[in-house]
Visitor: 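Structure below; questions to follow.
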Amino acid sequence: MRKRFLSLVVAAGMIMASLTACGSGDKNSTGDANKNNGETQELSDEEKQAAIDNLIANTEGTVDLTLWCSETQEYQDVMSELVENFKKEYKDVDFNITVGAQSTATCAKEVLNDVEAAADLFVFPDDQVNDLVKAGALQSVDATFTYDPSQTNSEATVDAATVDGKLYAYPLTASNGYFLYYNKNYLSEEDVASWDNLLAAANKQGKTVGMEFSGAWFLYGFFAGAGLEVYMQEDGKNYCNWNATDTEYTGADVATAVTNICKDEAAVNCSNEIAQAYALKGDMIADVNGTWATSGFMEAFGDGYAATKLPTFTVNGEQVQMSSFAGYAFIGVNAYSKNTGWAMLLAEYLSNEESQTKIGIATGEAPSNLKAAESDEIVNSPAISALLDQSRFAHLQRVNSNFFSSGGTLGRALKEGEYDDVQKLLDEAVEGITQ
Amino acid sequence: MKTKSDNHVLRHVFLGILAAIWLLPILWLLVTSLSAYKGINTMSFFPQKWSFDNYVQLFARPDTVANFPAWFKNSMLIGTFTCIISTAFVLMVAYAMSCMRFDGRKSLMTFSMVLGMFPGVLSMIAVYFVMKLMGLTNSITGLIVIYSAGSGLGYLICKGFFDTIPASMRESARIEGANELRIFIKVIIPLSKPIVVYTVINAFLAPWMDFVMAKLMIRSKDPSDWTVAMGLYNLVQKNLVGDYFSLFCAGGIIVSIPISILFVLMQRFYVDGITGGAVKG
Amino acid sequence: MIDKLEDYYTELHTSVKKGDLWTRLSLLIMGIGYIVRGQIIKGILITLAEIGFFTFTFGFSMHYILKLSTLGTVQREEHLDLVTLTKTVNDYDNSLMILLCGIIGILMILAFLHLYIVNIKKVYKIQLRKENGKHINSFYEDVKSLLGKKFYIVLLALPSLGVIVINIIPIIFMACIAFTNYDIDHQPPTYLFTWVGFDNFKSLVTLGDSTTVTFGYVFIRILIWTILWAFFSTITSYFGGIFLAKLINDRNTKWKKMWRTLFVIAITIPQFVTLLLIGKMFGDFGIVNSFCESIGLTKLLVKIGVLNASSTCIPFLSSPGWIHIMVILINLWIGVPYQMLSATGILMNIPKEQLESAKIDGASDMQIFWKITMPYMLFVTGPSLITAFIANLNNFNVIYLLTSDYVTANMQFANSNAKESDLLITWLFTLTNDYSNYKIASVIGICVFIICSVLTIITFRKMIYGGREEDFQR
């Protein structure tokens, strides 16, 4: 018994020690603190400079910051380079900035597991904004000091980073959407204008066209193109009218149209890596995909590599342009960062025009900064110009996660074509999406 | 006599077929790891172009996603310590439950079995915060604690084995004046080689397999802090798999080396254990 | 049971009532009774433990225990000063930490109380011994008895501590979550969650509740599949393993070591690697499908009506039914080599004495098998069967890795964020990991826990309480 008792005491001691170690960091608490619930505040240039000077003056010792961004080598390299430049910009301060590799797709999940232990800054796609804001993980951009993101970036991007009228993140790239890759040695521009032509041309040559029909994210393109809606309401639940019967094109019309496309022998329902493998083998000559697949298709199609906006599709005998989700990536500042001020300045630095251009050139992603997006290297990329072309039809992705599981099953059913009553199927899916 | 030799041949052919089924995926792993193409080749079994580059890359060119030497070192450390601690725990608990009689033994056994039925995935987040309280997140020590601390619950198989060791052997040792510690170490453990081997192997393997808990515990995004399982799993995530699949396969092959060595070493003891069993017969 | 409790308290009562000054003083300073009677080291250790406990409780856990009833009331508020660019945060409550540290604190108090009571009784006993002039153990003798009759305390101390930290505390914590509203809208540290009683359980059973359209239906379906899966996967690999072991260890088999090694190779590759790999092989566009198509198997299956006419591939892992059978088969691939190894060890240990004496008594081979070999096998492998069954109920890896690409075909499953192939555990994982729905996950977890424990205890009762331990130890 004594032995067990002793170990309890030891354990207690250990817990005590670790707690006092944690506790000492949080002394700067005041009672009257209120959340700043206005929009981004306008500060004069002097005030901005004064704030930065104040921050530099008040900084003692080393400033530790962690940045999480996409794990690819190009991304990591360019970010490290930019971080070095940032350090040069503020020579008087001693920084210790770590760049970590974190897939953007699972960024919110990682952050929310333990906000307090997450990075000070992280790059994440726009569809995670809601979850992060909901958990209070994002520091709102109450003011900016070196440039104004809402002026320099496209309006749609800033909208995507805004929740309840408050900007929560710094726009970084605008290329997280999808469009059509194709091999121009096999397909003409006319062929890629519509699904009908595309599939006919592919069939004629015994080749295939890929798209992840059973993914809700891609499926959205058809329904939204025909004017049907899904979005998250203020209460956090989705609104969805994909089962509408009183719209110009009814939900059932669109569903049937999708099934018709999938029934075609040339249409292959496949995910990114399968599509790339088929393209490399030479079987697949077009695929609906995003910028992450650029290098793969460049290699696969060689000199035939081309990209364009999504094709139109036939609903009730009429051609309808496919829509898509417009995807953006942002830099967010952790609300639990110990060095909020510096984290905000670094985020500003990494998302300014110059940095965005560098990131764009290094990674092939389209900058959200309007001027950076116009630079030659970026405009000349087929994928980026296809994306820009498609962006005219793209919508902001503002849905909660229920959309993806029910929407995926709807996509699967439409792809298989195994349903008796299309309206019932859509009703069930909508019930799940809006639950 | 003819039927007997037919049987004989049939038996070996059958074993051969089974072995082929078991080895085919491993063979695919091996040939894919020797492929020059970095993505998944799902269309043909053998790669179009062969190359040894994946192995070179694995060891000589760590990048921002893959730092295999560091992973290997971390996993080796974790595996070794976990193996020692959990084997000790399992043997200790099994001995107490099988060879000693004390109040509450049976209720403790039932309790421990019931405890094992709680879905571990669910309490993961709680385990994380307990570890955080002790300041053990983000460290190899923390992972060792997680993998080995609860291992005492897995004593059942070992206890089953101890139960078959005749009590008379313990009795005679006791008469000779040995205390329980001595009986445990000098009498029971030498008789239990097969089960010790089984326990050692299981305990060593666990940290090489787990990526869920490791991913939660290791918050660092620097690949050099990861374990093999975490790192390899990360390589087959959606946006990396196209560039790293064959590297992943090469990693899988390399990981199997220490585990194979362990098995080969332990096979010897298996034979010992088998002859050891004759002592009792 | 009640007798025991009564004894527990009467004993305590007499100890306090009849104890002398030193014994009563031990109520305050726990070690003093030992120290005055010569057990100095023991006394000091116990007093130190007492001090440790009080510093822990009043220095740390009390703060949280007091807030347990509300789980915190002060929500986090922050203010960024735009002039100095520094941030101020109020002294906020973190519901999660309150619950966790509160539980730890209460467990500590309970453990201490028990120790406290036991301590008083012991001190009283020592007092009696002293009065009667009996021998009082020295510290050395105490240590010695720990290696003798009380050796189990030494053996169990560390493993128990580990289990308490890694299993028991987290389990109590998660069980408590089922009675709170911890979900995506109430995530600590920024937001607070609080107690809601049985609301979550109600929402699981009442169908049509807006937040849980089909949870009840899906729960039952997944539960059935989980049990079927655990049963079949355990049985198949158990008998597969014994069969393989017998096949290899038969005296007519040559190159035993080589065969064993060949199968062992399959388990030297980490499970998640082989599982991901096999998953890719059996994918809709994987090599198995390419192969089946090239030999015309796909067409044949379409012709005989196993697959519908539009199928271009065999949906090994992409269609309900198929996927269920495939995961069991693939699990067989994973599990058989392990079972083969343990069966090899155990088969070799069947007491030959019994077999031979039975033979001399004129028993037939069948009788020997049923009367000796089978009971022995079942007895020895029984525990491993239980362990395997439980492990399979919670077999996360196989299902998660093989079915991560699977999109459910059943809208009701989709609406509850589940798939037909999900086990309760993978469903729980999705609910917590992807949807932060901790409260419902916890409710489901508790249900699983209860169902599984009852099932297992009923099924294996005989094995645990059969009292046959001694039979085989003879």
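The chains referred to below are lettered A, B, ... by the order of the sequence lines, with proteins before strands, and numbering in each begins at 1.
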Visitor: Supply the atom-to-atom distance C/Leu277 CG to B/Trp28 CH2, rounded to the nearest 0.5 angstrom.
Guide: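 C/Leu277 atom CG to B/Trp28 atom CH2 measures 5.0 Å (nearest 0.5 Å).
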Visitor: Please name the pair of heavy atoms, one in C/Pro270 and one in B/Gly252, separated by the smallest distance, quoted to 0.1 Å.
Guide: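 Closest approach of C/Pro270 to B/Gly252, heavy atoms only: CD-O, 4.3 Å.
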Visitor: Would you say B/Pro25 and C/Thr274 make side-chain contact, with heavy atoms under 4.5 Å?
Guide: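 Sidechains of C/Thr274 and B/Pro25: no contact.
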Visitor: With a 4.5 angstrom heavy-atom cut-off, which part of B/Ile21 approaches chain C: side chain, backbone, both or neither?
Guide: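 When you check distances to chain C, atoms from both the backbone and side chain of B/Ile21 fall under 4.5 Å.
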Visitor: Side chain, backbone, both or neither: which part of B/Ile85 has a heavy atom under 4.5 Å from chain C?
Guide: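 Neither part, no heavy atoms under 4.5 Å.
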Visitor: Are C/Leu276 and B/Tyr233 close enough that some pair of their side-chain heavy atoms sits under 4.5 Å apart?
Guide: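 In short, these two side chains touch, coming nearer than 4.5 Å.
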Visitor: With a 4.5 angstrom heavy-atom cut-off, could you sort out which part of B/Met100 is near chain C: side chain, backbone, both or neither?
Guide: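 When you check distances to chain C, only side chain atoms of B/Met100 fall under 4.5 Å.
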Visitor: Heavy-atom cut-off 4.5 Å, strictly under: side chain, backbone, both or neither for B/Leu181 against chain C?
Guide: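 Contact with chain C is through both the backbone and side chain of B/Leu181.
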Visitor: Using a 4.5 angstrom heavy-atom cutoff, name the option from C/Asn433, C/Leu262, C/Leu147 with the most pairs to chain B.
Guide: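 Option with the greatest count: C/Leu147.
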Visitor: Does the B/Trp22 side chain pair with the main chain of C/Trp333, one donor and one acceptor, at a distance under 3.5 Å?
Guide: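 Flag set: sc B/Trp22 to bb C/Trp333 pair under 3.5 Å.
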Visitor: State the CZ-NZ distance between B/Phe102 and C/Lys150, to the nearest 0.5 angstrom.
Guide: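 Between atom CZ of B/Phe102 and atom NZ of C/Lys150 there are 13.5 Å.
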Visitor: Less than 4.5 Å to any heavy atom of chain C: does that hold for the side chain of B/Ala178, its backbone, both, or neither?
Guide: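 B/Ala178 has no heavy atom closer than 4.5 Å to chain C.
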Visitor: Where on C/Tyr438 is there a heavy atom nearer than 4.5 Å to chain B: the side chain, the backbone, both, or neither?
Guide: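 C/Tyr438 touches chain B through side-chain heavy atoms alone.
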Visitor: Quick check against the 3.5 Å criterion: does B/His12 have a side-chain atom that pairs as donor or acceptor with the backbone of C/Thr253?
Guide: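 No.
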Visitor: Atom CD1 in C/Ile168, atom CG in B/Leu115: separation rounded to 0.5 Å?
Guide: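 Here the interatomic distance stands at 5.0 Å.
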Visitor: What residue, out of C/Leu393, C/Leu99, C/Leu96, C/Ile164, has the most heavy-atom pairs lying under 4.5 Å from chain B?
Guide: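 Looking at each of C/Leu393, C/Leu99, C/Leu96, C/Ile164 in turn, C/Leu96 comes out on top.
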Visitor: How far apart are the C-alpha atoms of C/Tyr338 and B/Asn202, what are their side-chain angles, what is the distance that settles it, and do they pass the side-chain contact (heavy atoms from CB on, under 4.5 Å) test?
Guide: CA-CA 10 Å; C/Tyr338 282 105; B/Asn202 275 343; 4.1 Å; yes
Visitor: Taking the side chain as every heavy atom from C-beta outward, state whether B/Val255 and C/Ile269 have any atom pair closer than 4.5 Å.
Guide: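 Answer no - side chains too far apart.
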Visitor: List for me each residue that meets side-chain contact (heavy atoms from CB on, under 4.5 Å) alongside B/Val212, sequence neighbours excluded, and say none if there are none.
Guide: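 For B/Val212 the side-chain contact (heavy atoms from CB on, under 4.5 Å) partners, ignoring immediate neighbours, are B/Met124, B/Asp210, C/Phe396, C/Phe429.
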Visitor: Go through the atoms of B/Leu29 and report whether side chain, backbone, both or neither lie under 4.5 Å from a heavy atom of chain C.
Guide: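 Both backbone and side chain.
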Visitor: Calculate, to the nearest 0.5 Å, the distance between atoms OG and CD1 belonging to C/Ser442 and B/Ile125 respectively.
Guide: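 The CD1 atom of B/Ile125 is 13.0 Å from OG of C/Ser442, to the nearest 0.5 Å.
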